[in-house]
Amino acid sequence: GTWLQGLVGMDLSQHPLNLQRVDAISGATVSSKAALEAINRSVAAAGHRAFGKRFAPEPPAAAAGSALWTPRFLATLALLLASIPIYLSGSERARLGLLATNIAVLGLWLNSLVTEVDLINVLLGHLASLRDNPQHWLLLGFVGLTGLSFGQLWCGYLCPFGAVQEFVSRLGRRLGLRRYVQRPLGLRLRFVKFLLLALMLSAVIVSGDAFWASFDPMQHLFGRGHLQQWMAVITVLVLVGNLFYVRFWCRYLCPMGAFLALSNKLALLQHLAPAREFRRCDLGVRHEFDVDCIRCNRCLSGTDTHVRKSHHD
């Protein structure tokens, strides 16, 4: 596919292919790593037989543990640590700055997101070892811990794809394009993502093929050269939808968001966060444990919501 085409021309004479040199498909770290290892073995065998030279040599054992102190790991750690005080402060300006930074760092630079493929890999135990990919373990651990503590904080403060949607939605508001569905319809539509989550899990379990977990555009948007034509069409439609409806994919279609939304029923430390103003929410959230709350805290200022009274009647 297009991901393999992106490997053409890479030099394997001094170093093998690995996830430090090549972007994994978002959420598919194990599959990407296995493919790279297979290519390394094939190149090493062919190079030895054809040219009598050693290609794709393994790195020294001492260097293998250095992933813990790479710019990739440290940048991710800095962003995750910064998100907690920003969330607790309730500052809208700081949150928007964090979202923009996450698009640049976790999205465009690192292509490191938490997706449905991660959920499948966790359920099946198909994860890269902590030694091989400490950065992704850090990310998954943080999402789980903050979910238990505060709810769906990842979606509102850290997800690069969610951040892109929010900025597009804000552009749509400025252009006068924003619309709101009637509350009864909105309540029904928000459960579509839970249906998609159930269908995706069922398809993977029955077929044994993780392909069914790879339809989310956020898995492909930030991968350089990975966006296939059918996925490009879906991505464009989702982004256009955000001009009209706030966080269109997050609210109605994201299976991973549906899974993380279940943590809103726990949120054991949410009393430490700023009290939300549900009367200003334009996502239909009505109470503290509502599964539709992405913890975006836009309701604190209400500058982006402009909720009409009829939305809560």
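One-based numbering along the sequence shown.
Here the side chains of Leu199 and Trp212 are not in contact, with every heavy-atom distance at 4.5 Å or above. The shortest side-chain heavy-atom distance between Arg178 and Ser169 falls under the 4.5 Å cut-off. Side-chain atoms of Phe161 and Ile103, non-hydrogen and from C-beta on, never get closer than 4.5 Å to each other. Leu106 has its side chain out of reach of Leu113: every pair of non-hydrogen atoms, C-beta onward, lies at least 4.5 Å apart. Under the 4.5 Å side-chain criterion, counting only non-hydrogen atoms from C-beta, Cys159 is in contact with Met218.
Between atom CD1 of residue Ile294 and atom CG of residue Leu260 there is a gap of 11.5 Å, rounded to the nearest 0.5 Å. Here CG of Leu158 is found 10.5 Å from OG1 of Thr76. Values are rounded to the nearest 0.5 Å. Distance check: Met200 CE to Asp216 CG gives 9.0 Å after rounding to the nearest 0.5 Å. Between the CG atom in Asn111 and the NE2 atom in His220 there is a gap of 10.5 Å [rounded to 0.5 Å]. With values rounded to the nearest 0.5 angstrom, Leu140 atom CG is found 5.0 Å from Asp118 atom CG. Between His136 atom NE2 and Leu138 atom CG the span is 10.5 Å, to the nearest 0.5 Å.
Salt-bridge annotation for Glu166 and Arg95: present, with a side-chain N of the basic residue lying under 4.0 Å from a carboxylate O of the acidic one. Glu92 has a carboxylate O that lies under 4.0 Å from a charged side-chain N of Arg170, or vice versa, which qualifies the two as a salt bridge.
No donor-acceptor pair closer than 3.5 Å links the side chain of Lys193 to the backbone N or O of Gly257. A distance-only check finds no donor-acceptor pair linking the side chain of Arg93 to the backbone of Ser91 [under 3.5 Å]. Between the Glu116 side chain and the Ser214 main chain, no donor and acceptor come within less than 3.5 Å of each other. Listed for the Arg247 side chain is no donor-acceptor partner under 3.5 Å among the backbone atoms of Gln165. No donor-acceptor pair closer than 3.5 Å links the side chain of Ser149 to the backbone N or O of Thr146.
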*For side-chain hydrogen bond (donor to acceptor under 3.5 Å, both in side chains), just list the numbers for Asn102 and Tyr157, CA-CA rounded to whole Å, side-chain angles, deciding distance to a tenth of an Å, and then say yes or no.*
CA-CA 9 Å; Asn102 287 331; Tyr157 276 73; over 6 Å; no
*Arg286 and Asp292: CA distance, side-chain angles, deciding distance, salt bridge (Lys or Arg N to Asp or Glu O under 4.0 Å) verdict*: CA-CA 9 Å; Arg286 304 298 290 270; Asp292 214 33; over 6 Å; no
*So Phe167 and Leu171, side-chain contact (heavy atoms from CB on, under 4.5 Å) or not? Walk me through it.*
CA-CA 6 Å; Phe167 286 121; Leu171 174 62; over 6 Å; no
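Shown here is Tyr245, whose OH atom has more than 12 heavy atoms of other residues, nucleotides or ligands within 6.0 Å.
The only option from Asn264, Val285, Leu283 that meets the side-chain contact (heavy atoms from CB on, under 4.5 Å) definition with Asp290 turns out to be Val285. Exactly one residue among Asp282, Thr305, Thr303 makes a side chain to side chain donor-acceptor pair (under 3.5 Å) with Arg298. That residue is Asp282. The side chain to side chain donor-acceptor pair (under 3.5 Å) test with Asp304 singles out one residue from Arg174, Arg173, Arg280, and that residue is Arg173.
Criterion: ILVMFWY side-chain heavy atoms under 4.5 Å apart, direct or through other members. Under it, Leu269 and Phe142 are part of a common hydrophobic cluster. The hydrophobic clustering, which links ILVMFWY residues whose side-chain heavy atoms are closer than 4.5 Å, places Leu139 and Leu123 together. In the hydrophobic clustering of ILVMFWY residues, with side-chain heavy atoms under 4.5 Å counting as a link, Trp109 and Phe73 come out together. Tracing side-chain contacts under 4.5 Å through hydrophobic residues (I, L, V, M, F, W, Y), one never reaches Ile205 starting from Phe211; they form parts of separate clusters. Two different hydrophobic clusters hold Leu195 and Leu197 under the rule that ILVMFWY side chains link at heavy-atom gaps under 4.5 Å.
Looking at Gln270 and Arg276, their side chains do bring a donor and an acceptor atom within 3.5 Å of each other. For the residue pair Gln135 and Ser112, a side-chain donor N or O sits within less than 3.5 Å of a side-chain acceptor on the partner.
Using bins of under 30°, 30° to 60° and over 60° for the plane-to-plane angle, the ring pair Tyr252/Phe248 lands in the perpendicular bin.
In terms of heavy-atom proximity, Ser263 sits nearest to Gly147 at CB-O, 3.4 Å. Closest heavy-atom contact between His287 and Lys265: CE1-NZ, 4.4 Å. Nearest heavy atom pair, residue Leu266 against residue Phe289, reads O-CE2, 3.6 Å.
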